[in-house]
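A short worksheet on the structure shown next.
Protein chains get the first letters and strands the later ones, always in sequence-line order, with residue 1 at the start of each.
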Protein chains: 2
Amino acid sequence: MTKGKIQKSSNKTSPRQGGAQSIRRSIAILRSVSKHNETGARLHQIAKAVDLPTPTVHRILTVLLEEKFLSFDIEGKTYRLGSELYSLGAATQRISIRDRYHTSLQRISGQTGDGTCLVIPSGYDGLCIDHIPGKYRIQVLGFDINERRPLGIGAACLALLSFLPEKQREDIIAANAPRYMTYYGIEDKEVRSWIKRTRKLKYSNSIHIVSSESIGVGAPILNKKGQVVAAISMAGINSRMTSEKRRETARIILAEIAAVDPPPD
Amino acid sequence: MTKGKIQKSSNKTSPRQGGAQSIRRSIAILRSVSKHNETGARLHQIAKAVDLPTPTVHRILTVLLEEKFLSFDIEGKTYRLGSELYSLGAATQRISIRDRYHTSLQRISGQTGDGTCLVIPSGYDGLCIDHIPGKYRIQVLGFDINERRPLGIGAACLALLSFLPEKQREDIIAANAPRYMTYYGIEDKEVRSWIKRTRKLKYSNSIHIVSSESIGVGAPILNKKGQVVAAISMAGINSRMTSEKRRETARIILAEIAAVDPPPD
DNA sequence: ATATAAAATTCCATATAATGGAATAAAATA
DNA sequence: TATTTTATTCCATTATATGGAATTTTATAT
């Protein structure tokens, strides 16, 4: 008996994946690997990060490896992002974000004298994809090409986070809260108040957050649909970055962004 | 009751996917989309290309869209590669192939006076990821950034193909044979003979293949493990490209490649 | 406008692909 | 050499992905 004629339309805990569990998992794994791409990620590490049993992760890693979405270092037994991702990444946009704004960065750097960088969202992080050093003798360094920083921290990452849709923003803040605290001693409450300010001004200020001696200014790049796809920021040492200079810098960055035909998506 | 105690260890036709069918399918779909990224690919088109039923493809596309591995143009109902692929692609190598060889390309172009390009393998194609125009008044154009060409056709794509492992090479030739014939009127036999020559010389010559007025020279870039990861080529008009000039160009390209610390993978 | 065809999307019963616990093997460490 | 940790293989079980059929939307012909 108990034939169970009534179909359980929703089962206890499974969150309804829509017939794509393994794909979602693969993507989570790729994102996890990308966070440790410099050192390379180990099976165990990845499994813990994505919260899945080791054999499952192992199987998925094997496929991604075969398809060159990952590469494997046999000595260290570590996984990194693979060449096929590079190929596909290179083919994404007819003109990539980087190409599109490279000369803008150069001009901003030329006008302000300080270092400028171009940052895109990548998971819960901002990823720096281009950087022009400033010409002053004393420079703020730190956010160089291929580096990552939690969304919300620093002028560019704050600009990115601020203009994401609210739901996504909250997800990211929740996920990053521990990092805010551990690495920067900042409560998520504070990040939310910065966001509010940033949205009002249309550009971000990052004051003594990443480093106590530097101040940054950043602005978002929106695509044709109005979604944030990147951000440009400039950072200088305190003494140079008066509030007047900050406003002026923001003006320059915003003007440069406005001058470029926005990316389609 | 015919409980079927004997397990069918191998079933009739299924080609043993190792628990990753949907992942493989997703990747095939991404590759297919990348081939039509400029115009965008439609559901039907993709389904035909990867030889799967439309609903299945539709479901996978939906996930890839949600995960930003694809973007969707609502007017044209077309799919393109998405921002997350760009992010992951940008994070692949500490220094990307493009950054690593950009100045080499500039130097080669400076020394030879002709246009140079950097090409990576992408599926059955070579994908141009960087290009420096030459300085002569008359230039060979054609292979520009983001363009694709079948592996085997043109100096760079021939260099790439020639130094792949034999099995992979044969797979690619088999897959590309129809395109060789249709678009260039070339038999796969010919391609194989070029490969032989290229492997012997350590660089490729592409004579009157892509265009009857131009000649190209290319050389492979091998990573630390000795695998081809990219190729550099230079193309000039016939009158300039004497056999002497070709040898000299090859020398320059090979020297430039040798001067750069090879990519790890 | 209206009919017709083609492509996109939703639905859902079913089978099979993906799962992950357990066992085993291989490294790392004591 | 023993012990722990991490990686890999195995395979019975079931939840997941599948794809045929139905429906809706969009394009094209009349």
Step by step, work out the side-chain contact (heavy atoms from CB on, under 4.5 Å) result for A:Arg25 and A:Val50.
-> CA-CA 8 Å; A:Arg25 288 175 170 188; A:Val50 299; over 6 Å; no

Applying side-chain contact (heavy atoms from CB on, under 4.5 Å), run through A:Val63 and B:Arg24 and close with a yes or a no.
-> CA-CA 8 Å; A:Val63 200; B:Arg24 284 244 154 69; 3.6 Å; yes

What do the steps show when you test A:Ile173 against A:Tyr180 for side-chain contact (heavy atoms from CB on, under 4.5 Å), and what is the final call?
-> CA-CA 9 Å; A:Ile173 294 173; A:Tyr180 293 156; 4.2 Å; yes

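Residue B:His44 has a polar side-chain atom (N or O) positioned under 4.0 Å from OP1 or OP2 of C:dA7. Within the structure, every side-chain polar atom (N or O) of B:Ser22 is placed at least 4.0 Å from both OP1 and OP2 of C:dA17. A:His58 has a side-chain polar atom (N or O) that falls below the 4.0 Å cut-off from OP1 or OP2 of D:dT8.
The backbone N or O of B:Leu164 sits less than 3.5 Å from a side-chain atom of B:Arg169, completing a donor-acceptor pair. Remark: the backbone N or O of B:Leu127 is not paired with any side-chain donor or acceptor of B:Arg149 at under 3.5 angstrom. In this structure, A:Arg199 contributes its side chain and A:Ser162 its backbone to a donor-acceptor pair below 3.5 Å.
B:Leu61 has its CG atom 15 Å from the P atom of D:dA17, to the nearest Å. One atom, CZ of B:Arg24, and another, C1' of D:dT18, lie 18 Å apart when rounded to the nearest Å. Rounded to whole Å, the distance from CD on B:Gln45 to C1' on C:dA7 is 12 Å. Atom CG in B:Leu43 sits about 14 Å away from atom P in D:dA27, given to the nearest Å. Computed from coordinates, the A:Phe72 CZ to D:dA7 C1' distance equals 9 Å when rounded to whole Å.
Partners of B:Pro53 under the side chain to side chain contact (heavy atoms under 4.5 Å, CB included) rule, at least two apart in sequence or in another chain, are B:Pro55, B:Thr56.
Closest-nucleotide positions on DNA chain D for B:Ile60 and A:Lys48 were compared, and the one nearer the 5' end corresponds to A:Lys48.
Here the closest heavy-atom approach between residue A:Ala177 and residue A:Asp188 is recorded as CB-CB, 4.3 Å.
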If the sugar-phosphate is the primed atoms plus P, OP1 and OP2 and the base is the rest, what is the B/S/- string for nucleotides 20-30 of chain C, using protein heavy atoms under 4.0 Å?
-> BBB--------

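For the residue pair A:Arg148 / A:Ser34, a side-chain donor-acceptor distance below 3.5 Å is found, with atom types taken as modelled.
Both key distances under 3.5 Å define a Watson-Crick or G-U pair, and stretches of 3 or more such consecutive pairs in DNA chain C run C:1-30 with D:1-30.
Listed nucleotides: C:dT9, D:dA7, D:dT18. Nearest to the side chain of B:Tyr79: C:dT9.
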